[in-house]
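Here is the structure we will look at.
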Amino acid sequence: MILKQGSPSDTRLSEAVDFSPETHGILPQKLILSAYAEDFKPGRGRVYSEPITIFILTRDEHAQIIKSNFDRLINELEGVASKEQNNLDKNERLDKQNTAEELQSEDSQNKLAESEKAEAENADKMKELAKKMEEIFKDAARNGNLDDKTMKEMADAMQNMKDLGETEMPEIEQKLDDAQNQKSTPEKTEKDLKEAIEKQKEAVKKMKETIEKANKANENFEASTFVSRLKRAASEEDGIAAAITEAITGEIPLLGATPSSDSIDPVHERLLEGLTKQQRKTTGDVRWIQEDLGRFYARTKKPEHQEVHEAMTKSLIDVKLEELSRLIADNQSFISIRFSKKWSSTLKQWAEILEGPKSDENG
């Protein structure tokens with residue numbers, strides 16, 4: 001791509017560039033990009049920039065990264081909620097064990113200052129998590145494979161985190177600061193602490209609700225990936241069947257000879273090698289889906305996931321797809337097409353079971 005034309009007198013060139021792999025027909029892969037400049041003076045070679053490494057992902061791979069980031073965020077959120085609960089416990093203990101006058105003692109005031117500092121740190125952490133959640137939400141929206149319900153739960157969790165970090169927790173911090181005002185009466189100090197405690201109780205409750213929403217969204221997120229992964233495997237099987245069919249009906253028909261036979265065309269030999277490799281990869285993907293599905297059902301006990309997992313186990317699909325790899329490698333064309341189409345249809349049926357009935361409403 002030519003980004004900018006220079007001239008013999010130019011010593012520096014700068015140009016912004018938008019790069020879209022899809023525009024250039026680049027499939028998912030690891031890609032290394034560099035820019036280079038050529039001098040107008042003859043005999044000088046190109047000078048290259050530092051390389052930039054880009055990972056172009058499938059939607060499924062992208063979803064797995066989002067899921068991993070979401071898992072980490074929920075763990076961090078649980079840590080913030082635990083610290084908030086501990087800080088609440090300390091404030092309640094301070095309130096119950098001291099009279100209004102004792103709350104103005106040096107020891108009590110030091111504890112209030114510690115509590116205020118802890119609240120400020122926790123509020124900052126919540127703001128940080130809200131920003132991370134916003135990035136995860138944007139990524140999920142870009143992926144396009146998540147249903148509206150999951151996106152709504154993620155949006156609700158994100159809004160709760162923003163409210164907590166930007167408004168509610170700073171209000172607790174302010175009340176704890178008010179309780180340290182040396183000009184306040186003992187009664188005012190006690191009132192400020194009690195108000196801080198009540199606000200803190202509400203914050204802890206909201207954090208637990210937010211964690212519940214995030215966990216629910218995460219669970220739905222994981223469930224939705226099974227649908228897309230099954231459909232992806234079905235699409236791979238359709239592609240294999242279509243490629244063999246095209247070879248059979250092509251200008252140089254793919255005959256039923258074994259790949260080791262001299263009678264097989266070199267083009268078809270390469271095709272069979274590629275399709276065998278593709279089938280083995282799909283077999284591995286389906287095996288992972290089956291294992292992940294089993295673990296997911298063990299956690300959630302959702303009947304539809306049990307139904308599909310049991311159907312996959314009973315069908316011996318991993319064994320059958322491995323056998324299909326051997327049939328393709330042995331150039332058993334017609335039976336390979338039949339089995340590829342059969343397993344494609346089966347995978348689509350399992351995806352429909354997990355997807356559930358679709359709404360008749362538009363929009």
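None of the values given here were measured: they were computed from a predicted structure.
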Exercise for review: Calculate, to the nearest 0.5 Å, the distance between atoms CG and CZ belonging to Asn98 and Arg93 respectively.
Suggested key: 11.5 Å

Review point. Are there more than 12 heavy atoms of other residues, nucleotides or ligands under 6.0 Å from atom NZ of Lys131?
Key: no

Review point. Just by distance, do the side chain of Ser336 and the backbone of Gln332 share a donor-acceptor pair under 3.5 Å?
Key: yes

Review point. Which residues satisfy the salt bridge (Lys or Arg N to Asp or Glu O under 4.0 Å) test with Asp292, sequence neighbours excluded?
Key: Arg229, Arg295

Point to revise | Glu106 atom CD: more than 12 heavy-atom contacts under 6.0 Å | key: no

Please report, to 0.1 Å, the donor-acceptor pairs under 3.5 Å made by any side chain of residues 206-214, with sequence neighbours excluded.
from: Lys206; atom 1: NZ; to: Glu168; atom 2: OE2; distance (Å): 2.7
from: Thr210; atom 1: OG1; to: Asn160; atom 2: ND2; distance (Å): 3.2
from: Thr210; atom 1: OG1; to: Lys206; atom 2: O; distance (Å): 2.7

Review point. Sequence neighbours excluded, which residues qualify as side chain to side chain donor-acceptor pair (under 3.5 Å) partners of Lys152?
Key: Asp156

Exercise for review: Verify side-chain contact (heavy atoms from CB on, under 4.5 Å) between Val80 and Met161, making sure each step is shown before the conclusion.
Suggested key: CA-CA 11 Å; Val80 171; Met161 292 162 72; over 6 Å; no

Exercise for review: Show the numbers, then the answer: is there a salt bridge (charged side-chain N to carboxylate O under 4.0 Å, His left out) between Arg299 and Glu219?
Suggested key: CA-CA 10 Å; Arg299 292 199 319 271; Glu219 185 180 294; over 6 Å; no

Revision key, fill the gap. Residues 111-121 vs salt bridge (charged side-chain N to carboxylate O under 4.0 Å, His left out), sequence neighbours excluded, gives Asp107-Lys111

Exercise for review: For the residue pair Lys175 and Gln200, establish whether any side-chain heavy-atom pair is separated by less than 4.5 Å.
Suggested key: no

Study note, to complete from the structure: Heavy-atom nearest pair, Phe296 first then Ala223, reads CZ-CB, 3.8 Å

Report, one line per pair, each donor and acceptor closer than 3.5 Å where one atom sits in a side chain of residues 20-29; sequence neighbours left out.
from: Ser20; atom 1: OG; to: Thr23; atom 2: N; distance (Å): 3.4
from: Ser20; atom 1: OG; to: Thr23; atom 2: OG1; distance (Å): 3.1
from: Gln29; atom 1: NE2; to: Leu27; atom 2: O; distance (Å): 3.2

**Study point:** Counterpart residues, side chain to side chain donor-acceptor pair (under 3.5 Å), relative to Asn110 (two or more places apart)
**Key:** none

Check your understanding: Between Asn143 (side chain) and Arg59 (backbone), is there a donor-acceptor pair under 3.5 Å?
Key -> yes

**Study point:** Stepwise salt bridge (charged side-chain N to carboxylate O under 4.0 Å, His left out) check, Glu195 with Lys191
**Key:** CA-CA 6 Å; Glu195 287 181 4; Lys191 180 175 180 289; 2.6 Å; yes

Study note, to complete from the structure: Ser108 meets the side chain to side chain donor-acceptor pair (under 3.5 Å) criterion, sequence neighbours left out, with Ser105

Check your understanding: For the atom pair CD1 (Ile172) and CG (Asp177), what is the distance rounded to the nearest 0.5 Å?
Key -> 13.5 Å

**Study point:** Side-chain touch Met133/Met154, heavy atoms, less than 4.5 angstrom
**Key:** yes

Point to revise | Tyr297 ring center within less than 6.0 Å of His309 ring center | key: no

Review point. In chain order, what residues pass the salt bridge (Lys or Arg N to Asp or Glu O under 4.0 Å) check against Asp178, with sequence neighbours excluded?
Key: none

Check your understanding: Is it the case that Gln279 and Glu237 place a side-chain donor and acceptor less than 3.5 Å from each other?
Key -> yes

Check your understanding: If you count the non-hydrogen atoms of other residues, nucleotides and ligands that lie under 6.0 Å from CZ in Phe19, is the total more than 12?
Key -> yes

**Study point:** Atom NZ of Lys188: over 12 foreign heavy atoms under 6.0 Å
**Key:** yes

Exercise for review: Would you tell me whether Gln290 and Asp318 have side-chain atoms, one donor and one acceptor, within less than 3.5 Å of each other?
Suggested key: no

Exercise for review: List the atom of Ile240, the atom of Ser340, and the distance in Å for their closest heavy-atom pair.
Suggested key: CG2-OG, 3.8 Å

Practice item. May I ask you to check whether over 12 heavy atoms, not counting those of Ile54, lie within 6.0 Å of atom CD1? Key: yes

**Study point:** Straight-line distance of Ile244 CD1 to Ile337 CD1, nearest 0.5 Å
**Key:** 5.5 Å

Practice item. Check the pair Thr189, Asn181 against side-chain contact (heavy atoms from CB on, under 4.5 Å), reporting the backbone distance first and the verdict last. Key: CA-CA 8 Å; Thr189 298; Asn181 191 335; over 6 Å; no

Practice item. Any pair with a residue in residues 28-66 that passes ring-ring contact (aromatic ring centres under 6.0 Å, His included), sequence neighbours left out, goes on the list, sorted by first then second residue, please. Key: Tyr36-Tyr48

Check your understanding: Of all residues at least two apart in sequence or in a different chain, which pass the salt bridge (Lys or Arg N to Asp or Glu O under 4.0 Å) check with Glu171?
Key -> Lys199

Review point. More than 12 foreign heavy atoms under 6.0 Å from NZ of Lys4: is that the case here?
Key: yes

**Study point:** Under 3.5 Å donor-acceptor, Glu236 side chain and Arg232 backbone
**Key:** no

**Study point:** Check: Asn69/Arg72 side-chain N/O donor and acceptor closer than 3.5 Å
**Key:** yes

**Study point:** Pair Glu153 + Lys216, salt bridge at N-O below 4.0 Å
**Key:** no

**Study point:** Heavy-atom closest pair, residues Glu190 and Leu103
**Key:** CA-CD1, 3.8 Å

Practice item. Would you confirm whether Ser315, through its side chain, and Met312, through its main-chain N or O, come within 3.5 Å as a donor-acceptor pair? Key: yes

Point to revise | With Phe339 via ring-ring contact (aromatic ring centres under 6.0 Å, His included) - residues at least two apart | key: none

Practice item. Look at the side chain of Thr346 and the backbone N and O of Lys342, then say whether any donor-acceptor pair between them is shorter than 3.5 Å. Key: yes

Point to revise | Partners passing side chain to side chain donor-acceptor pair (under 3.5 Å) against Asp139 (at least two apart in sequence or in another chain) | key: Arg142

Check your understanding: Between Ala123 and Met169, what is the shortest heavy-atom contact and its length?
Key -> N-CE, 3.5 Å

**Study point:** Where Asn91 and Ser115 come nearest, the two heavy atoms and their spacing
**Key:** OD1-OG, 2.7 Å

Practice item. Find the distance between CG (Asp89) and CG (Leu94) and round it off to the nearest 0.5 Å. Key: 12.5 Å

Check your understanding: Got a second to check how far Asp10's CG is from Gln5's CD, nearest 0.5 Å?
Key -> 10.5 Å

Check your understanding: Any side-chain donor-acceptor pair under 3.5 Å between Asn218 and Glu222?
Key -> no

**Study point:** Glu304 side, atom CD; Ile353 side, atom CD1 - distance, nearest 0.5 Å
**Key:** 9.5 Å

Check your understanding: Is the count of non-hydrogen atoms from other residues, nucleotides or ligands lying under 6.0 Å from Lys67 atom NZ greater than 12?
Key -> yes

Practice item. Any chance you could lay out the side-chain contact (heavy atoms from CB on, under 4.5 Å) test for Glu307 and Trp350, step after step, and finish with the verdict? Key: CA-CA 9 Å; Glu307 180 184 350; Trp350 290 338; over 6 Å; no

Point to revise | Salt bridge present between Lys125 and Glu76 (N-O < 4.0 angstrom) | key: yes

Study note, to complete from the structure: Taking every heavy atom of Gly165 against every heavy atom of Met126, the minimum-distance pair comes out as N-CG, 3.6 Å

Review point. If you count the non-hydrogen atoms of other residues, nucleotides and ligands that lie under 6.0 Å from NZ in Lys127, is the total more than 12?
Key: yes

